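In this text the structure is predicted, and so the values were computed from the model without any measurement.
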Amino acid sequence: MTILLTGFSGNVGPEIARQLAPHRVLALVRDVRRAPRLDGVTLIEGSLESLPMAVRGEVEAIVHGAATVAFKLPLDELRRTNVDGTAALIEFARGCTRLKRFIHVSTVCVCGDRTGEIPEAAMTEPRHFVNPYEQSKWEAESLVLGSALPVEIVRLAIVAGSERDGSVRRPGALHHALHWLFRGLIPMIPGCAESRVDLISTEFAAGVISALVRAAAEPGRIVHASAGVAGPRLAELLDFFADFFARHHRGWASGAVSRPDIVDRETFALFEKSVKQSGDLLFQRVCDDARSFLPMLLYPRTMMTSLARAVPLADWRALAGSVAARLIETDWNRKSKCHVPA
């Protein structure tokens, strides 16, 4: 089968392409010269705004992984790629005469402020989204589900990094939060101690997507690539990192830096107000990063899983430790560029 893959240059893209073998993968990239190289992958230069019309007669499946994941961007900017870009791809897909399926890669964050068990089903709009990114991805889901194409959706949990070596191609919100935590600059975290932090590896995320490709098509199906009940609770994860960082940082080892408190929304808001009044630019940056990501931990939930249970799931302690060690070793990717293994 010939598969068009968008988002190849992102965190999960190369692993998706690797696991889709022996299918023929056409990877859409903005700049062929800067894109990672993989055997069996044909690089196609273009973008969601300028799609390669010449290959429409060849494409039998589309895996749409391209997205803007910067949580702090305004909604209008996020919509350009996540919504308008998806709309452009839908129109492209309608002209693919051999198309059998359209797999849209989404996020478990589309549930916004919902709590409890989250089913693998279409999501009515939550009362509140934690950040504009969540809303833009929810809008994209609504768009593809209403397209009348043979659409299936995979919602990814928090992709921490590679379970093989801890590598992270592009550090995201989780990794920025770990950076501030390691430096002792997060004194408190908004959340609930029992909230699950749904960590998965790059390989697991790609494995669920490739398993869906191998399964019989079922238009309208929604699958969670999630750790589910195997994910750590917030308090448990913070205890793990406190012990781990104590082996790599004198401040943590001596007790000069300690595990942040888990606080409610109101307490964290007072902390943000005091930081703003202080004029401390570094702490303001820390608060900005925290505000974009951590408040989702105020809503305890567990993602229900079906297909994901058939894909091997790395132990969260091994994954978190491997990723943290790699980030510390490379100073959060500043000392060495992540590469794609052959």
Side-chain angles (χ1 to χ4, degrees), residues 3-20 23 25-29 41 47-48 51 59 61-71 78-90 92-93 99-111 118 120-123 133-145 147 149-161 169-170 172-174 198-215 217-227 303 305-308 311:
I3 301 172
L4 177 67
L5 171 64
T6 72
F8 176 68
S9 299
N11 274 333
V12 188
E15 186 62 29
I16 294 173
R18 185 181 291 107
Q19 294 200 31
L20 287 177
H23 295 297
V25 175
L26 306 178
L28 183 69
V29 296
V41 175
S47 67
L48 294 177
L51 289 155
V59 174
I62 293 173
V63 176
H64 178 34
T68 297
V69 297
F71 289 1
L78 287 160
R79 280 175 171 154
R80 289 174 195 165
T81 297
N82 298 351
V83 182
D84 298 343
T86 298
L89 188 61
I90 288 171
F92 171 87
L99 188 72
K100 298 180 179 67
R101 62 201 312 179
F102 184 119
I103 296 174
H104 176 72
V105 181
S106 187
T107 169
V108 298
C109 294
V110 295
C111 59
I118 307 298
E120 294 177 301
M123 193 75 63
Y133 167 72
E134 296 184 350
Q135 182 170 344
S136 71
K137 292 297 285 183
W138 177 83
E139 291 177 4
E141 277 198 14
S142 301
L143 199 62
V144 296
L145 288 171
S147 68
L149 291 171
V151 170
E152 295 163 279
I153 292 175
V154 179
R155 293 178 180 147
L156 301 186
I158 303 168
V159 182
R169 284 179 52 78
R170 293 180 181 176
L174 167 69
D198 200 347
L199 300 179
I200 60 172
S201 71
T202 307
E203 292 83 359
F204 179 82
V208 174
I209 293 168
S210 62
L212 186 59
V213 171
R214 293 192 298 271
E218 189 179 314
R221 172 167 48 186
I222 295 175
V223 170
H224 290 158
S226 163
M303 312 306 294
T305 59
S306 55
L307 187 66
V311 179

S.K.: Atom CD of E139 and atom OG1 of T86: how far apart are they, to the nearest 0.5 Å?
M.R.: 10.5 Å
S.K.: State whether the side chain of N82 and the backbone N or O of A67 hold a donor-acceptor pair below 3.5 Å, judged by distance alone.
M.R.: no
S.K.: In Å, rounded to the nearest 0.5 Å, how long is the span from SG of C109 to CD of Q135?
M.R.: 13.5 Å
S.K.: Which of these, H104, H224, E120, sits in a side-chain hydrogen bond (donor to acceptor under 3.5 Å, both in side chains) with R155?
M.R.: H224
S.K.: Please check this pair: side chain of D198 against backbone of A227, looking for a donor-acceptor N/O pair closer than 3.5 Å.
M.R.: yes
S.K.: Any side-chain to backbone donor/acceptor pair from E152 onto A217? Under 3.5 Å, distance only.
M.R.: no
S.K.: Is the backbone of A66 close enough, under 3.5 Å, to the side chain of T6 for a donor and an acceptor to pair up by distance?
M.R.: yes
S.K.: Distance only, no hydrogens: is a donor on one side chain within 3.5 Å (strictly under) of an acceptor on the other, for E15 and T202?
M.R.: no
S.K.: Could you check if a side-chain atom of V159 sits within less than 4.5 angstrom of a side-chain atom of I200, using non-hydrogen atoms only?
M.R.: yes
S.K.: Considering only heavy atoms from C-beta outward, does the side chain of V208 approach that of L212 to under 4.5 Å?
M.R.: no
S.K.: For L307 and R221, what are the C-alpha separation, side-chain angles and deciding distance, and is it a side-chain contact (heavy atoms from CB on, under 4.5 Å)?
M.R.: CA-CA 11 Å; L307 187 66; R221 172 167 48 186; 5.7 Å; no
S.K.: Determine the interplanar angle of the F102 and H64 rings, folded into 0 to 90°, and report it as parallel if under 30°, tilted if 30 to 60°, perpendicular if over 60°.
M.R.: perpendicular
S.K.: Is there side-chain contact between L28 and L51, with at least one heavy-atom pair below 4.5 Å?
M.R.: yes
S.K.: Check whether any side-chain heavy atom of V25 lies under 4.5 Å from a side-chain heavy atom of F8, and answer yes or no.
M.R.: no
S.K.: So does V105 get a backbone contact from the side chain of K137, meaning a donor-acceptor N/O pair under 3.5 Å?
M.R.: yes
S.K.: Can you check whether G10's main-chain N or O pairs, donor with acceptor, with R170's side chain at less than 3.5 Å?
M.R.: no
S.K.: What's the spacing between I62 CD1 and L26 CG if we round to 0.5 Å?
M.R.: 10.5 Å
S.K.: First locate atom CG of L89, then atom OG1 of T81, and finally report the distance between them rounded to the nearest 0.5 Å.
M.R.: 12.0 Å
S.K.: side-chain contact (heavy atoms from CB on, under 4.5 Å), that's the test. Do V59 and L99 meet it? Break it down for me.
M.R.: CA-CA 6 Å; V59 174; L99 188 72; 4.3 Å; yes
